[in-house]
Undergrad: 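First, the structure itself, so that you have it in front of you.
Because the structure is predicted, anything quoted here is derived from the model rather than measured.
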Amino acid sequence: MKTIKSNKNKRSMAAIGLFAARYYLKDIKMKTLAIRIIGSIGIAMLGSCADSILNKDPISSFSADGFYKTASDAQAGVYGIYSGVQSAFRLNFAYWGEGRADAVQTNHAGDPFALQQNLLTPIITSARWDNLYVIISRANYAIKYIPTVFESEDSALRNQLLGQSRALRALAYFYLVRVWGDVPLVLEPYESINQELFVSKTSSGAVLDQIEEDLLFASANCAASYGGERNRVLITKGGADALLTQVYMWRKKYAEAVESADRVLDNSLYALVAMSAWNDIFAGGLSTESIFEVGYNEVQTNALRVLYALGSDADYFPSESFRNSFEDGDLRRTRIWDNTQAQPRKIWKFFGEGFNDESADPSANNIVMLRLADIMLLKAEAHANLNQADLALPLLNTIRRRAGLEALDVASATSLYGDLVSAILHERSIELCFEGHRWFDLVRTGRAIETMQPINGLSSAENIFWPIHEDAINRNPNIEQNDFYK
């Protein structure tokens with residue numbers, strides 16, 4: 001393996017990849033792989049020149065052949081992708097998925113204020129896409145070089161690792177197209193200065209096509225089960241199907257969404273938890289309701305506490321409109337925030353009812369990205385859009401009954417919320433609150449402007465996308481700023 005410039009950066013990124021791998025190895029109990037990673041500098045290569053596709057410095061040459069030699073190396077490369085996922089979503093899952101929506105309020109400057117007031121600029125933190133392209137870069141290396149490790153294309157481990165790599169690449173691109181629209185589509189690792197340095201945007205439709213292709217491959221090739229806790233923190237066949245359901249709903253492919261959701265609902269790994277254990281989905285993690293969660297621990301941490309639960313000074317607290325949107329008797333209400341406060345300043349959903357902590361220390365909780373209730377409600381919404389109310393209502397009412405609410409029929413759903421689809425979207429706003437779904441639900445259903453205009457003046461469809469950070473614009477002459485921010 002040839003030397004890459006900046007050994008200091010290489011060593012630091014190696015440490016990041018190593019700590020992330022240790023999380024998965026600690027909880028998944030694969031100590032032999034830990035030894036393999038510790039003794040290898042290959043993971044460093046996944047964390048330096050490979051990391052920044054769109055802001056890369058020219059290098060003489062790079063070959064991943066020096067790293068991908070054994071099956072353990074291939075596994076280490078995939079764990080490097082999960083390391084990138086940890087970094088990308090530790091904070092931005094909330095900024096991208098909740099910060100611009102109607103369920104949160106904030107008293108904080110910076111991104112929380114800019115997003116809530118619709119004052120986005122090309123210098124806010126959430127306008128950076130770097131960490132998502134780190135995921136993509138690492139995935140591209142894995143996708144190219146994992147096949148060189150295995151003699152047979154029929155190797156189950158080979159195809160499982162490729163499936164996970166492609167699913168994680170799809171996850172990153174799915175966020176990119178939902179946040180920025182048209183984005184650069186890069187499917188090969190950067191290994192030579194002879195490759196194109198300055199990649200132009202690709203249409204969001206073409207990127208979504210690639211996302212679907214990757215997820216269909218993942219659905220066919222990821223393991224149905226890896227055993228134990230691994231089924232929640234690694235992408236399984238069910239995880240690929242769940243993410244594919246979200247993609248189909250974004251594209252309004254309702255029949256396809258029903259099919260992929262059916263595969264999730266038929267999967268014996270997943271079951272709704274009781275209402276008494278609802279907070280434990282997030283506070284404890286690894287529940288039967290969880291399909292995929294990003295794993296964290298005391299070393300690899302996230303910003304959940306600062307975002308939602310930092311005493312009286314969290315980034316976000318429940319908005320008045322959100323607090324007033326609950327039906328009487330909803331058992332989730334007291335499990336989300338302190339109902340005794342006239343103006344609550346924190347959200348304890350992710351830490352448990354009664355959580356009270358003034359510490360600004362990072363959180364070791366996992367971040368639940370995909371869970372069964374989400375997919376059930378998406379399937380209900382798909383059926384409703386296909387005029388199949390008889391199939392939509394049982395799914396909706398299963399979630400409602402768990403929350404202590406009465407079942408709805410078409411007439412009562414219409415009376416309360418205008419129509420069945422709106423009733424399902426309302427249920428999503430309560431059940432999935434603050435998990436990173438609300439803004440994307442508003443956008444994909446065409447309700448972002450009508451919902452947010454009275455709150456922050458959002459009035460232009462072009463304003464729905466984020467600006468591209470100025471650093472990306474300055475580094476790449478072929479990247480144009482999104483139209484609204486020119």
Undergrad: Shortest non-hydrogen contact from A167 to I235?
TA: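 For A167 versus I235, the nearest heavy atoms are CB-CG2, 3.6 Å.
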Undergrad: Mind checking side chain to side chain donor-acceptor pair (under 3.5 Å) for R100 and listing every partner two or more places apart, or none if nothing turns up?
TA: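 Here the qualifying residues are N118.
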Undergrad: Using the side chain to side chain contact (heavy atoms under 4.5 Å, CB included) criterion, which residues pair with A373? Sequence neighbours excluded.
TA: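 Result, side chain to side chain contact (heavy atoms under 4.5 Å, CB included) vs A373: L272, E289, R371, I399, R402, E431.
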Undergrad: Assess whether salt bridge (charged side-chain N to carboxylate O under 4.0 Å, His left out) is satisfied between D209 and R251, documenting all intermediate values.
TA: CA-CA 10 Å; D209 288 342; R251 306 192 81 179; 2.9 Å; yes
Undergrad: Do C222 and Q160 touch side chain to side chain, with heavy atoms closer than 4.5 Å?
TA: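 No, their side chains stay 4.5 Å or more apart.
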Undergrad: Could you tell me which residues satisfy side chain to side chain contact (heavy atoms under 4.5 Å, CB included) with S165, sequence neighbours excluded, listed by chain and number?
TA: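 Scan of S165 (side chain to side chain contact (heavy atoms under 4.5 Å, CB included), adjacent residues dropped) gives V78, I81, A142, I143, I146.
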Undergrad: Sequence neighbours left out, what passes side chain to side chain contact (heavy atoms under 4.5 Å, CB included) with T414? Give chain and number order.
TA: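 Partners of T414 under the side chain to side chain contact (heavy atoms under 4.5 Å, CB included) test: V410.
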Undergrad: Could I get the full list of ring pair (Phe, Tyr, Trp, His ring centres under 6.0 Å) partners for Y308, not counting sequence neighbours?
TA: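 Ring pair (Phe, Tyr, Trp, His ring centres under 6.0 Å) list for Y308, sorted by chain: F350, F434.
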Undergrad: Does some side-chain heavy atom of L216 sit less than 4.5 Å from a side-chain heavy atom of E213?
TA: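 Counting from C-beta outward, E213 and L216 never come under 4.5 Å.
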Undergrad: Would you check if I291 and V264 make a side-chain contact, meaning some heavy-atom pair closer than 4.5 Å?
TA: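 Touching, per the 4.5 Å side-chain cut-off.
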Undergrad: Are F440 and Y175 an aromatic pair, judged by ring center distance below 6.0 Å?
TA: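 Y175 vs F440: aromatic centres under 6.0 Å.
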Undergrad: Who are the salt bridge (Lys or Arg N to Asp or Glu O under 4.0 Å) partners of E470, not counting sequence neighbours?
TA: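 None.
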Undergrad: Under a 4.5 Å cut-off applied to non-hydrogen side-chain atoms, are L442 and R438 in contact?
TA: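 In contact.
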Undergrad: When the ring centroid of W96 is compared with that of W439, is the distance short of 6.0 Å?
TA: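 Not close enough - the centres of the two rings lie 6.0 Å or further apart.
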Undergrad: Which residue pairs pass the salt bridge (Lys or Arg N to Asp or Glu O under 4.0 Å) test with at least one member in residues 441-453, sequence neighbours excluded?
TA: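 Applying salt bridge (Lys or Arg N to Asp or Glu O under 4.0 Å) to every pair that reaches into residues 441-453, excluding sequence neighbours, yields E381-R444, R428-D441, D441-R444.
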Undergrad: Mind listing the side-chain donor-acceptor pairs of residues 388-395 below 3.5 Å, one per line with the distance, residues two or more places apart or on another chain?
TA:
residue	atom	partner	partner atom	Å
Q388	OE1	H383	ND1	2.6

Undergrad: Are any side-chain N or O atoms of T148 and backbone N or O atoms of Y145, one a donor and one an acceptor, separated by less than 3.5 Å?
TA: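 Confirmed, T148 side chain pairs with Y145 backbone.
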Undergrad: Quick one: ring pair (Phe, Tyr, Trp, His ring centres under 6.0 Å) partners of F317, sequence neighbours excluded?
TA: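 Ring pair (Phe, Tyr, Trp, His ring centres under 6.0 Å) check on F317 returns nothing, list empty.
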Undergrad: Quick one: are L370 and Y270 in side-chain contact, heavy atoms under 4.5 Å?
TA: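 When only atoms from C-beta onward are counted, Y270 and L370 do not touch, as no gap falls below 4.5 Å.
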Undergrad: Tell me the closest heavy-atom pair linking L161 and A74, and the distance in Å.
TA: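 Shortest heavy-atom contact: CD1-CB, 3.7 Å.
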Undergrad: What I want to check is whether the side chains of D241 and S260 have a donor and an acceptor closer together than 3.5 Å.
TA: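 No pair is found: no donor N or O on one side chain lies under 3.5 Å from an acceptor on the other.
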Undergrad: I'd like to check S319 versus V104 (side-chain heavy atoms, cut-off strictly below 4.5 Å). Are they in contact?
TA: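 Not touching, per the 4.5 Å side-chain cut-off.
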Undergrad: List in chain and number order the residues that pass salt bridge (Lys or Arg N to Asp or Glu O under 4.0 Å) with R178, two or more places apart in sequence or in another chain; answer none if no residue qualifies.
TA: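 R178 satisfies salt bridge (Lys or Arg N to Asp or Glu O under 4.0 Å) with no residue once adjacent residues are dropped.
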Undergrad: With sequence neighbours left out, write down each residue that passes side chain to side chain contact (heavy atoms under 4.5 Å, CB included) with T106, or none if nothing qualifies.
TA: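 Residues passing side chain to side chain contact (heavy atoms under 4.5 Å, CB included) with T106: H108, P112, Q116, Y316.
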Undergrad: Please tabulate, for the side chains in residues 197-205, all donor-acceptor contacts under 3.5 angstrom to protein atoms that are two or more places apart in sequence or on a different chain.
TA:
residue	atom	partner	partner atom	Å
K201	NZ	E480	O	2.8
K201	NZ	N482	OD1	2.8
S203	OG	A206	N	3.2

